[in-house]
Amino acid sequence: MARVVALFRHPIKGFTPESRESLTVQADGRVAGDRVLAFRFADAVTPEDDGGLDYWPKSKGLALQDFPALAALRTSYDDASRRLRVEHDGSVLAEAGIDDDGRAELVSAVTDFVLSTREGRRLQRPGRLPLVLVGDGETSRFQDRARGYVSVHSHGSTRALSEALDLPADDRRFRSNIIIDGVAPWAELDWAGEVRIGSVTFRTAGPIVRCLATHANPDTGVRDAKVLTTLTKAFAQDEPTLGRLLLPADESAEGVVRLGDEVLAA
């Protein structure tokens, strides 16, 4: 029987995932508390707009695709106090609220960290500094796509890929919201129509074509896995694909997905 085995949200775009026991899926199809903050480049401070919906092109700020060392940072965000803590290798780099003074402290710490990494030269390109911490800490608005979506993949798929890579399976590498198990590898790519997870019914959207962010080790920030070429060569995929995008079938109400929820798919 297919069930939910892990749930994640990512309060700061491109930074540490938070493991959760439940996720609230908003009526707009985004996960509450997911991608509510982002570190954007100086020449791209506000989100892009597509059909009246905010989204965050990866090229406009800090993202694992171009700055894999970000994966080595550990962040925690408290929704109630709106305080963000950033750690690296057991040391606190910054802990502050997201008022003006706090944002300045957080930006300074993250900037110094990135400049100290092997990707630091990329941050020094024209128009990138100073970084700006954007977002109100509440509104989910910095997804890769304007429609937002909830992302899901199966642990079976990551196990199959890990065997091909000869590396331990780690679902965090793919930054999905919902991880399921109890289905065959790649089964989620064949879903069509509606999928029910616990009490929430979703309609399936497209598969997730992956980028270089997946090459970054989620603990060290080092690119240690050739995920993209392995997906296309070892599994004969036209594009490097792992996981599926979902939208709530009922776009007028919130729903909650919980650990252990049963997954029913066509």
(message) With rounding to the nearest 0.5 angstrom, report the OG to CG distance, Ser199 to Asp261.
(response) 6.5 Å

(message) In the structure I gave you, are the side-chain heavy atoms of Leu7 and Ile179 within less than 4.5 Å of one another anywhere?
(response) no

(request) Indicate the atoms forming the closest heavy-atom contact of Glu48 with Arg40, along with that distance. (result) N-NH1, 4.2 Å

(request) May I ask you to check whether over 12 heavy atoms, not counting those of Asp49, lie within 6.0 Å of atom CG? (result) yes

(request) Taking the side chain as every heavy atom from C-beta outward, state whether Thr241 and Leu231 have any atom pair closer than 4.5 Å. (result) no

(request) Give a yes or no on whether the backbone of Gly135 and the side-chain of Thr139 come within a donor-acceptor separation of less than 3.5 Å. (result) no

(request) Compute whether any side-chain donor of one residue and acceptor of the other, for Ser154 and Glu188, lie under 3.5 angstrom apart. (result) yes

(message) For Ile180, is there any backbone N or O sitting under 3.5 Å from a side-chain donor or acceptor partner on His155?
(response) no

(message) Applying side-chain contact (heavy atoms from CB on, under 4.5 Å) to Glu138 and Val36, what does each step give before you reach the verdict?
(response) CA-CA 6 Å; Glu138 182 178 359; Val36 297; 5.7 Å; no

(request) Measure the shortest side-chain to side-chain distance between Arg210 and Phe174 over non-hydrogen atoms and say whether it is less than 4.5 angstrom. (result) yes

(request) Check whether any side-chain heavy atom of Leu259 sits under 4.5 Å from a side-chain heavy atom of Val5, and report yes or no. (result) no

(request) State yes or no: do Leu23 and Val4 share one hydrophobic cluster built from I, L, V, M, F, W and Y residues joined by side-chain heavy-atom distances below 4.5 Å, directly or via other members? (result) yes

(message) Hydrophobic cluster membership, with links at side-chain heavy-atom distances under 4.5 Å among I/L/V/M/F/W/Y: are Leu93 and Ile12 in one?
(response) yes

(request) Evaluate the side-chain proximity of Trp56 to Pro47: yes if any heavy-atom separation is below 4.5 Å, no if none is. (result) no

(request) Answer yes when Arg74 and Glu87 have at least one side-chain N-carboxylate O distance shorter than 4.0 Å, and no when they do not. (result) no

(request) Check whether any side-chain N or O of Arg128 sits under 3.5 Å from a backbone N or O of Phe41 as a donor-acceptor pair, and report yes or no. (result) no

(request) Would you check if the side chain of Arg244 reaches a backbone N or O of Ala205 as a donor-acceptor pair within less than 3.5 Å? (result) yes

(request) Inspect the contact between Glu119 and Arg223 and indicate whether a charged nitrogen and a carboxylate oxygen are less than 4.0 angstrom apart. (result) no

(message) Please find the pair of heavy atoms, one from Arg175 and one from Arg35, that lie closest to each other, and give the distance.
(response) O-NH2, 3.8 Å

(message) Any non-hydrogen side-chain atom of Pro68 less than 4.5 Å from a side-chain atom of His215?
(response) no

(request) Could you tell me whether Arg82 and Asp99 have a side-chain N and a carboxylate O separated by less than 4.0 Å? (result) no

(request) Looking only at non-hydrogen atoms, find the nearest pair between Ala94 and Ala109 and report the distance. (result) CB-CB, 3.6 Å

(message) Contact between Val114 and Val110 at the side-chain level, heavy atoms closer than 4.5 Å - yes or no?
(response) yes

(request) Kindly check if the number of other-residue, nucleotide or ligand heavy atoms within 6.0 Å of CZ (Arg118) is above 12? (result) no

(message) Working to the nearest 0.5 angstrom, can you tell me the gap between Leu37 CG and Lys13 NZ?
(response) 13.0 Å

(request) Determine, using the 4.5 Å side-chain heavy-atom cutoff (strictly less than), whether Phe113 and Leu115 are members of one ILVMFWY cluster. (result) yes

(request) Indicate yes or no for a side-chain donor-acceptor contact from Arg172 to the backbone of Pro17 under 3.5 Å, with no hydrogens or angles considered. (result) no

(message) Could you tell me if Thr214 and Arg173 have a donor-acceptor pair between their side chains, going purely by distance under 3.5 Å?
(response) no

(message) I'd like to know if the side chain of Ser108 reaches the main chain of Ala104, judged simply by a donor and an acceptor atom lying under 3.5 Å from each other, with no hydrogens or angles considered.
(response) no

(message) Within a 6.0 Å radius of atom CG on Asp136, are there more than 12 heavy atoms belonging to other residues, nucleotides or ligands?
(response) yes

(request) Before accepting this row, confirm whether a basic side-chain N of the pair Glu105/Arg83 lies closer than 4.0 Å to the acidic partner's carboxylate O. (result) no

(request) Please answer whether the main-chain N or O of Asn177 pairs with a side-chain N or O of Ser151 as donor and acceptor at a distance below 3.5 Å. (result) yes

(message) Let me confirm one number: the CD-CZ distance from Glu18 to Phe8, rounded to the nearest 0.5 Å.
(response) 11.0 Å

(request) Give a yes or no on whether Leu242 and Ile178 share a hydrophobic cluster (residues Ile, Leu, Val, Met, Phe, Trp, Tyr; joining criterion: side-chain heavy atoms under 4.5 Å apart). (result) no

(message) Can you confirm whether the side chains of Ser140 and Gln26 place a donor and an acceptor under 3.5 Å from each other?
(response) no

(message) Before you tell me yes or no, could you show the steps for Arg147 and Glu251 under salt bridge (Lys or Arg N to Asp or Glu O under 4.0 Å), namely the whole-Å CA-CA distance, both residues' side-chain angles and the distance that decides it to 0.1 Å?
(response) CA-CA 12 Å; Arg147 194 61 183 85; Glu251 296 186 24; 2.9 Å; yes

(request) Heavy atoms only: give me the nearest Leu133-Val107 pair and the separation to one decimal. (result) N-CG2, 3.7 Å

(message) Let me confirm one number: the CG-CZ distance from Leu212 to Phe67, rounded to the nearest 0.5 Å.
(response) 13.0 Å

(request) Find out whether Leu245 and Ile208 are in side-chain contact, i.e. whether some heavy atom of one side chain is under 4.5 Å from a heavy atom of the other. (result) yes

(request) Of all the heavy-atom pairs spanning Pro248 and Gly29, show the shortest one and how long it is. (result) CD-CA, 3.4 Å

(message) Would you say Asp89 and Ser91 are linked by a side-chain donor-acceptor pair, where the criterion is simply a distance under 3.5 Å?
(response) no

(message) Under a 3.5 Å distance rule, please check whether Tyr77 uses its side chain to pair with a backbone N or O of Gly137 as donor and acceptor.
(response) yes

(request) Go through the steps for Lys58 and Asp144 under the test side-chain contact (heavy atoms from CB on, under 4.5 Å), then give the verdict. (result) CA-CA 7 Å; Lys58 294 177 182 178; Asp144 295 342; 3.1 Å; yes

(request) Taking Arg103 for its side chain and Ile98 for its backbone only, find out whether a donor-acceptor pair lies under 3.5 Å. (result) yes

(request) Could you tell me the separation between the NZ atom of Lys226 and the CG atom of Leu167, rounded to the nearest 0.5 Å? (result) 12.0 Å

(message) Under the criterion side-chain contact (heavy atoms from CB on, under 4.5 Å), I'd like the reasoning laid out for Glu95 against Val86: C-alpha separation, chi angles, the key distance, then a yes or no.
(response) CA-CA 6 Å; Glu95 183 173 4; Val86 183; over 6 Å; no

(request) Determine, for Arg141 against Asp28, whether the closest basic-nitrogen to carboxylate-oxygen distance falls under 4.0 angstrom. (result) no

(request) Decide whether Val31 and Phe142 are clustered together by the hydrophobic rule: side chain heavy atoms of Ile, Leu, Val, Met, Phe, Trp, Tyr closer than 4.5 Å, transitively. (result) no

(request) Flag the pair Asp79 and Arg9 as a salt bridge only when some basic side-chain nitrogen lies within less than 4.0 angstrom of an acidic carboxylate oxygen. (result) yes

(message) Minimum heavy-atom separation for His153 and Ser176, please, with both atom names.
(response) ND1-OG, 2.8 Å

(request) Verify side-chain contact (heavy atoms from CB on, under 4.5 Å) between Leu131 and Leu123, making sure each step is shown before the conclusion. (result) CA-CA 9 Å; Leu131 293 174; Leu123 192 57; 3.8 Å; yes

(request) Please confirm whether the backbone N or O of Gly198 pairs with a side-chain atom of Arg196, one donor and one acceptor, at under 3.5 Å? (result) yes

(message) Using the side-chain contact (heavy atoms from CB on, under 4.5 Å) definition, which of the options Thr117, Leu64, Thr75 pairs with Leu70?
(response) Leu64

(request) Describe, in one word, how the ring planes of Phe15 and Phe39 are oriented to each other, choosing from parallel (under 30°), tilted (30 to 60°) and perpendicular (over 60°). (result) tilted

(request) To the nearest 0.5 Å, tell me how far Thr201 OG1 sits from Leu247 CG. (result) 13.0 Å

